[in-house]
Amino acid sequence: MLDYEQLKERFAKNTNVDRAKQMKKYMRNQFEFYGYQTRKRKALYHRLLLAEKKQDQIDWELLDHCWQDPYREMQYFVCDYLIAMKKKLNFTDISKIERYARSKQWWDTIDTLVKPLGYLTWSDPRGDKLMLEWSRDSDFWIRRVAIEYQLLRKQATNTQVLSKIIQNNLESDEFFINKAIGWVLRDYSKINPEWVRDFIKQNQQKLAPLSIREGSKYL
C-alpha cells in the first residue's frame, strides 16, 4: 500500500529549487512547491497508483495526510489518486472530497476535483440536486465546482440544470465564476451551438462580458 512518508521521500529526492520558486510565485505565493512539472510529477507515482488500483478501498487517511501537507504537489497527488480510483468511489464519498474543495483553494485543485465529482454525479439523480445547492453556496469556489461539474458530458449535459446553475451566478463580479461560466458555455457550444446562442441572448444583460466573450468563442 502507498505510504505518506515514502511518497514525500520520492518528491524530495529531485526538488528543483529554481522551478519551485517560479511555481510558488505563479500561484501568488500561496503554496510551497518541490518544483515538478506535470509530466515528471505524474511519472513519479504512476506505478504506485497502478498498484493502488488493485486495492478494494480508498485510502482516505493517506489522502488526508497529503492534503494537509504544505507542498502543492501533494494536493495534486490527491487529485490524481481520486481520478485513478474513481470507480472505487461512492456517492457518499462526495462529502470527503468536499472537504478538499473547501480548503487550500485555488483554480488548480478545484478544476481537477471537478473530475471525480463529475463522475460521481453523472448517473445518480442526487448529483444534480446537490450541485444546484452548491451553485448557491457562499463559497465561490464551491459554486465554480457546480458550474463546471458537467464539463465534457456533451450530449448527456442536462441543460435545464446547467441553465439554473448559471442563472444562480449571474451578475457576479468574481473573475473565477465568470470565467467558469464562459468555459462551460464554450464547451457545450461545440455540441449545441443554438442552445448556447439562445442562452447568451436571453441572459445578455446579466452575463459578464468575460462570460459572453468566452462562451461565444466558437459560435
Side-chain angles (χ1 to χ4, degrees), residues 23 26-31 38 63 67 72-83 86 89 91 93-122 124 126-154 156-191 195-196 199-200 203-204 206-218:
M23 295 171 77
Y26 179 68
M27 288 295 181
R28 300 186 182 181
N29 298 310
Q30 297 179 95
F31 314 104
T38 302
L63 298 186
W67 198 265
R72 195 58 165 168
E73 285 93 345
M74 297 296 270
Q75 282 92 65
Y76 295 158
F77 166 77
V78 172
C79 295
D80 290 337
Y81 179 108
L82 290 170
I83 292 170
K86 65 182 183 181
L89 291 167
F91 190 85
D93 290 326
I94 289 180
S95 61
K96 299 184 182 73
I97 301 175
E98 181 183 355
R99 288 191 287 108
Y100 302 146
R102 290 188 182 275
S103 63
K104 297 181 181 286
Q105 295 168 305
W106 202 240
W107 60 265
D108 52 347
T109 52
I110 290 295
D111 291 352
T112 312
L113 289 173
V114 164
K115 296 176 182 179
L117 288 168
Y119 176 81
L120 283 171
T121 56
W122 187 299
D124 195 309
R126 294 173 293 178
D128 291 340
K129 181 180 178 181
L130 179 62
M131 290 299 118
L132 280 166
E133 292 175 5
W134 283 22
S135 74
R136 298 186 294 269
D137 198 275
S138 60
D139 186 335
F140 75 82
W141 289 115
I142 297 299
R143 299 203 306 275
R144 183 175 167 101
V145 170
I147 293 167
E148 295 178 358
Y149 86 105
Q150 291 195 85
L151 271 172
L152 306 180
R153 288 193 184 179
K154 299 182 179 181
T157 299
N158 185 325
T159 54
Q160 184 177 358
V161 174
L162 176 62
S163 176
K164 181 61 177 175
I165 285 176
I166 294 176
Q167 288 172 343
N168 286 343
N169 286 274
L170 292 177
E171 298 186 288
S172 172
D173 59 0
E174 173 53 58
F175 170 84
F176 289 106
I177 289 296
N178 293 327
K179 184 75 171 180
I181 291 172
W183 186 11
V184 297
L185 290 175
R186 183 182 68 209
D187 180 69
Y188 190 56
S189 73
K190 299 174 186 176
I191 303 301
W195 187 93
V196 174
F199 182 86
I200 291 176
N203 296 278
Q204 193 164 11
K206 294 183 178 181
L207 278 165
L210 172 61
S211 300
I212 296 174
R213 184 168 65 252
E214 290 288 330
S216 303
K217 186 173 182 180
Y218 299 132

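All values below come from the heavy atoms of this structure, side chains included, with hydrogens, waters and symmetry mates left out.
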Is there a side-chain contact between [X] and [Y] in this structure, where contact means two heavy atoms from C-beta onward sitting under 4.5 Å apart?
X	Y	answer
Ile94	Arg126	no
Leu117	Tyr149	no
Trp134	Leu130	yes
Val184	Thr157	no
Leu113	Val145	no
Ile97	Leu120	yes
Leu151	Trp183	yes

Show me the pairs that pass side-chain hydrogen bond (donor to acceptor under 3.5 Å, both in side chains) and involve residues 110-122, at least two apart or across chains.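 Those involving residues 110-122 are Asp111-Arg144, Thr121-Arg153.
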
Please assess Asn158 against Leu162 for the test side chain to side chain contact (heavy atoms under 4.5 Å, CB included), listing each intermediate value before the final yes or no. CA-CA 6 Å; Asn158 185 325; Leu162 176 62; over 6 Å; no

Step by step, work out the side chain to side chain contact (heavy atoms under 4.5 Å, CB included) result for Met131 and Ile165. CA-CA 8 Å; Met131 290 299 118; Ile165 285 176; 4.2 Å; yes

For the [atom1] atom of [X] and the [atom2] atom of [Y], what is their distance to the nearest 0.5 Å?
X	Y	atom1	atom2	value
Phe175	Ile177	CZ	CD1	11.5 Å
Gln167	Leu207	CD	CG	9.0 Å
Ile166	Ser172	CD1	OG	12.5 Å
Leu185	Ile200	CG	CD1	5.5 Å

Check whether any side-chain N or O of [X] sits under 3.5 Å from a backbone N or O of [Y] as a donor-acceptor pair, and report yes or no.
X	Y	value
Asn178	Pro209	no
Ser216	Arg213	no
Glu148	Ala180	no
Asp137	Glu133	no

Pair Trp107-Trp141, ring-ring contact (aromatic ring centres under 6.0 Å, His included): steps then yes or no: CA-CA 8 Å; Trp107 60 265; Trp141 289 115; 9.0 Å; no

Taking all non-hydrogen atoms of both residues into account, name the closest pair between [X] and [Y] and its distance.
X	Y	result
Thr109	Arg72	OG1-NH2, 3.0 Å
Leu132	Ser135	O-OG, 2.6 Å
Tyr218	Lys190	CE1-CE, 3.4 Å
Ile83	Pro116	CG1-CD, 3.9 Å

Assess whether side chain to side chain contact (heavy atoms under 4.5 Å, CB included) is satisfied between Tyr76 and Thr38, documenting all intermediate values. CA-CA 9 Å; Tyr76 295 158; Thr38 302; over 6 Å; no

Result of checking Met23, Met74, Lys104 against Phe31 for side chain to side chain contact (heavy atoms under 4.5 Å, CB included):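 The side chain to side chain contact (heavy atoms under 4.5 Å, CB included) with Phe31 is passed solely by Lys104 among Met23, Met74, Lys104.
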
Among residues at least two apart in sequence or on other chains, which ones pass ring-ring contact (aromatic ring centres under 6.0 Å, His included) with Phe199?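 So Phe199 forms a ring-ring contact (aromatic ring centres under 6.0 Å, His included) with Trp195.
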
Would you please indicate if the ring centroids of Trp106 and Phe176 are separated by under 6.0 Å?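 Here the rings of Phe176 and Trp106 have centres that are less than 6.0 Å from each other.
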
Can you list every pair that meets salt bridge (charged side-chain N to carboxylate O under 4.0 Å, His left out) and has a residue in residues 164-180, with sequence neighbours left out?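 Found Lys179-Glu214.
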
Would one find more than 12 heavy atoms of other residues, nucleotides or ligands at under 6.0 Å from atom CD of Gln30?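 Yes, enclosed.
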
